[in-house]
Amino acid sequence: MMERLTIWPLGLVNFVAFCFLAIVQSSSAQKGFVSLRCCEKSNLTDSNGIVWTTDDEFFPDRQTCQEILRPVKNSKGNYIRTFDIVVPGKVCYHLRTLVPGQDYLVRADFSYGDSLAPSLFGVLIGVTPIALVSLVSKLAVEGIFRVQKGYVDFCLLKEEGDPYISQLELRPLNNDSDYLNGDSGTVLKVIRRVNLGGTGGDIRYPDDPSDRIWKPEAEPIGGIINATTEFHNHTRAPIKVLQTAVTSSDRMVLFSGGLDIIQYNYTIFLYFLELNSSIGVGERVFDIYVNSEKTWSGFDIQGQGSIYREVALNATASGSLNLTLAKVSNESVVFGPICNAYEILQVHSWVQESLQGDVDAMLDMRHELLQSNSKSEVLATWWGDPCLPIYWQGLVCDYSNGSSVVTKMDLSSSKLTGFIPSGIAKLVYLTEVNLSYNLFSGKIPSFPTSSLLRSLDVRGNDLLSPIPGSLFSLPYLTTLYFGCNPHFTNAPPASFKNSNLTTDHGRCTDLESPNSKKGLVIITVACGSVLTIALGILIFCLYRRKCAFKRYDIKGYTVKKNAVSSIPSKEDFVLKSISIQTFTLQCIEATTQKYKTLIGEGGFGSVYGGTLPDGQEVAVKVRSATSTQGTREFENELNLLSAIRHENLVPLLGFCCESDQQMLVYPFMSNGSLQDRLYGEASKRKILDWPTRLSIALGSARGLTHLHNFSGRCVIHRDVKSSNILLDQSMNAKVADFGFSKYAPQEGDSGASLEVRGTAGYLDPEYYSTQHLSAKSDVFSFGVVLLEIISGREPLNIHRPRNEWSLVEWAKPYIREQKIDEIVDPNIKGMYHAEAMWRVVEVALACIEPFSAYRPSMADIVRELEDALIIENNASEYLKSIDSFGGSNRFSIIIEKKAVLSPTQEQAAEPSPLGSQPLAPPEPR
Ligand SMILES: *[C@@H]1O[C@H](CO)[C@@H](O)[C@H](O)[C@H]1NC(C)=O
Ligand SMILES: *[C@@H]1O[C@H](CO)[C@@H](O)[C@H](O)[C@H]1NC(C)=O
Ligand SMILES: *[C@@H]1O[C@H](CO)[C@@H](O)[C@H](O)[C@H]1NC(C)=O
Ligand SMILES: *[C@@H]1O[C@H](CO)[C@@H](O)[C@H](O)[C@H]1NC(C)=O
Ligand SMILES: *[C@@H]1O[C@H](CO)[C@@H](O)[C@H](O)[C@H]1NC(C)=O
Ligand SMILES: *[C@@H]1O[C@H](CO)[C@@H](O)[C@H](O)[C@H]1NC(C)=O
Ligand SMILES: *[C@@H]1O[C@H](CO)[C@@H](O)[C@H](O)[C@H]1NC(C)=O
């Protein structure tokens with residue numbers, strides 16, 4: 001809530017000016033590499049030695065930046081950059097100083113932490129769409145293409161919500177890798193690139209000089225073998241990838257995964273290196289099946305005299321692909337298939353950009369216009385190709401001789417200043433130009449006699465006479481308006497070649513006055529933009545035929561279209577978590593890179609950070625061998641979590657229960673725990689402000705309410721504490737760790753004896769002494785959490801003076817004496833609304849009542865916290881209104897506020913909290 005982006009329209013405008021100055025930097029160590037971490041504040045070198053730079057030179061505006069905390073620091077960019085652009089609109093990274101004729105791979109990361117306003121956008125290399133990114137689809141996109149000019153635009157095409165990006169990489173490919181077979185007419189989208197038998201992490205630069213990322217197989221598909229032979233020949237796949245392989249005695253399904261539902265052609269590369277030197281020719285022979293069709297019969301790696309062989313296969317598939325190797329049943333064949341690595345690439349046709357001359361002319365024009373119009377809103381939308389897949393604002397394009405060309409330009413009433421750019425005369429298919437009612441100065445540009453120009457309107461500027469002679473001889477010109485240019489002195493032109501010409505003869509008549517013109521402009525602009533939108537959508541729909549549907553395909557569930565495309569934060573959430581996955585141990589190990597990054601420890605065991613093969617970042621809870629909680633808790637949590645879903649509860653993605661290992665996979669909560677934000681490491685970086693604390697309190701109260709009212713049977717959390725309240729990307733609270741949860745004993749249950757569990761400092765004294773568990777025990781613990789939120793103190797700290805050890809015991813007397821100031825976190829002093837604070841303090845006090853009967857229910861608490869939040873928000877609104885109205889109508893605002901506050905009898909009777917909180921609105925007299 002607090003971290004919601006505020007993006008100023010001008011922000012986007014500003015970067016346009018810089019875009020063209022941006023020159024791609026390349027480090028000498030990684031020649032030609034472009035490694036951008038969006039919004040990063042400084043350069044950094046990662047553990048692979050790759051030097052990452054910020055993308056500030058492309059987009060200097062940091063207001064579009066949003067920080068995401070990753071489980072593995074520096075594993076990926078720590079920010080995302082979002083783009084607030086209008087529909088239809090696109091934004092592009094203009095990557096320059098590339099080598100024409102060279103193959104490159106471009107890789108973009110769209111991981112977003114765990115939640116972001118839903119958005120949907122296309123990803124384009126040049127103007128070729130290769131992917132559609134949404135919350136539920138691929139988070140990383142990689143394409144291989146041949147550079148034709150010295151640059152490429154990597155563009156995001158907005159569909160819904162704001163496009164965003166975390167990092168962008170460009171890598172020149174080794175000429176020998178020749179994925180494109182010399183064919184510049186295709187773009188390959190990488191579906192999968194697997195290092196079979198790999199047990200460590202990803203293999204990439206410097207092991208792969210081209211920095212392709214070879215991922216280990218998540219699921220075991222055969223026995224793993226390691227290299228025993230030395231092999232140093234040049235291969236398309238890096239040696240390190242070839243050093244491991246998987247094998248099977250009979251048959252092996254390499255890939256049997258989901259693909260786009262639309263039919264595509266695929267290129268499959270298979271890499272084989274015989275790792276067992278004792279196996280000879282004819283002893284390991286197998287067939288290669290693609291979608292159950294025998295594509296290669298009797299394949300023998302050593303059949304050509306070398307122990308290495310690579311195979312390229314073509315396949316056409318939609319929906320799924322099954323790649324199987326099966327041993328040939330023949331007496332002399334002793335060994336089953338082996339494979340070291342494979343790649344699956346989806347073939348896209350390269351979409352031709354607009355006519356090169358027009359692209360260059362428009363880029364020149366933009367460059368010229370930006371000199372004196374760096375804040376122009378129109379120019380801020382001009383990215384990438386002027387016509388494809390949508391027209392730049394103010395342009396209309398058409399097809400001519402197989403290329404898109406600019407035919408019309410309407411920049412009327414766009415507040416443009418400076419000279420009319422000369423590049424306009426280079427647009428050879430241009431027929432209509434309307435530059436009226438801007439602030440252009442200088443002369444009307446000349447057009448070549450070959451120009452197809454039919455209409456030119458430059459009224460209402462500050463242009464100088466005379467009309468260039470060339471206009472007189474334009475064969476198709478039928479309309480020319482140049483009136484209302486105050487410094488235009490000389491007489492109207494004598495004769496035009498075209499006698500049918502309609503002209504105002506330079507008169508600034510009533511008919512053409514700015515007022516009557518205004519209506520015209522609005523109409524034409526409106527029509528113009530409707531047309532652009534319609535065409536844009538049409539073009540995108542045409543594209544979509546090729547790249548759609550991925551978004552509707554979630555983990556094997558085909559979801560109805562509007563389930564995802566209708567701004568579906570909740571729906572989407574449900575969809576995402578509809579199925580609980582079972583993970584294999586191997587998959588978990590690959591995900592966590594063998595438990596490389598410990599991100600937390602809990603009663604259940606350790607928590608590790610990791611990334612699923614689809615790019616989603618996760619936290620994996622692993623039961624430690626010494627854990628006192630057993631299988632019971634594990635199954636308990638599983639059963640509960642699979643059934644309970646709420647936006648304020650951490651959802652379970654999947655689990656692994658294999659060879660005595662118990663693991664749970666959750667989405668990674670990028671903003672850590674409430675505890676950490678209040679008084680842990682994170683609090684040192686940034687103070688958690690009061691309104692955010694309040695909304696976190698409310699969120700977690702709602703989560704607990706859901707638990708307590710779960711399907712008629714109360715579920716008691718039993719370990720409510722600030723370290724179990726996690727925060728997602730938007731600082732929404734999500735209650736975690738149901739390992740302790742129990743269904744509350746129901747009437748008739750024979751004295752379910754449950755050992756007292758919980759965390760010191762949070763423990764309900766009544767439960768502790770009677771061992772009678774009820775939902776009110778959670779309420780007590782929640783009261784302690786509220787005190788933590790108020791005071792920023794830990795519940796138990798024996799390093800403080802004796803009377804301050806226990807937060808509850810310390811705070812209670814102050815609250816009773818209404819000395820709220822004494823207990824409020826010094827970091828938020830003066831930054832809260834007193835009434836809101838008082839409400840929360842009251843709730844907290846009620847929660848920590850020694851007798852559970854006097855404590856409120858979670859539902860009551862939610863209502864109180866909602867009130868507090870309303871009061872707090874109104875106070876902020878109120879402050880804003882003082883700012884904007886200069887205090888003149890303060891009184892009426894206060895009246896309104898009073899109506900909202902309307903304290904209940906009981907509360908009105910309470911003495912008003914004292915203190916000098918500056919945010920409290922002055923009382924009306
Ligand atoms: C980052 O690296 C680039 C190229 O390696 C260099 O030009 C730039 O000055 C560096 N920026 C900082 C802040 O160090
Ligand atoms: C292969 O090598 C890896 C790493 O060196 C090792 O962990 C694994 O046990 C080896 N596997 C076999 C079958 O030798
Ligand atoms: C796949 O390739 C074949 C042969 O090159 C071509 O005729 C067909 O149109 C392609 N299919 C798709 C979906 O691109
Ligand atoms: C994949 O194809 C092979 C060979 O046709 C077949 O035996 C196997 O059952 C298929 N596997 C799956 C998962 O479809
Ligand atoms: C390495 O390449 C050379 C030349 O291409 C070839 O003669 C030789 O057999 C290869 N060695 C192996 C082990 O494949
Ligand atoms: C696969 O398709 C490409 C492009 O159409 C073609 O050049 C190549 O020869 C094909 N390969 C096979 C093995 O059919
Ligand atoms: C003038 O207009 C008429 C009718 O619209 C057309 O036939 C004629 O060719 C035009 N003359 C010129 C010089 O374009």
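Along the sequence shown, residues carry numbers from 1. Read the numbers this way: they start at 1 and go in the same order the structure lists the ligands and their atoms.
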Legend entry - Where ligand 3 meets Gln263 - atom numbers and elements under 4.0 angstrom, heavy-atom basis: 13 (C)
Inset, instruction - Evaluate the side-chain proximity of Ile301 to Ile338: yes if any heavy-atom separation is below 4.5 Å, no if none is. - result: yes
Inset, instruction - Establish, yes or no, whether a centroid distance under 6.0 Å links the rings of Tyr308 and Tyr271. - result: no
Inset, instruction - If you have a sec, work out which protein heavy atom is nearest atom 13 (C) of ligand 4 and how many Å separate them, to one decimal? - result: Ser256 OG, 3.3 Å
Inset, instruction - Give a yes/no on ligand 4: does Arg251 have at least one heavy atom closer than 4.0 angstrom to it? - result: yes
Inset, instruction - For atom 5 (O) of ligand 4, state whether the nearest protein heavy atom is under 4.0 Å away. - result: yes
Legend entry - Side-chain touch Leu196/Asn340, heavy atoms, less than 4.5 angstrom: no
Legend entry - ring pair (Phe, Tyr, Trp, His ring centres under 6.0 Å) assessment of Phe272 paired with Phe299: CA-CA 11 Å; Phe272 303 101; Phe299 179 84; 4.7 Å; yes
Legend entry - Arg171 versus Tyr104, side-chain donor and acceptor atoms under 3.5 Å: no
Legend entry - Those atoms of ligand 4 less than 4.0 Å from some heavy atom in Ser292: 2 (O), 5 (O)
Legend entry - Protein heavy atom at shortest distance from atom 3 (C) of ligand 4: Thr324 OG1, 3.5 Å
Legend entry - For atom 12 (C) of ligand 4, closest protein heavy-atom neighbour: Asn322 ND2, 3.2 Å
Inset, instruction - Kindly state whether the ring of Tyr429 and the ring of Tyr399 have centres lying under 6.0 angstrom apart. - result: no
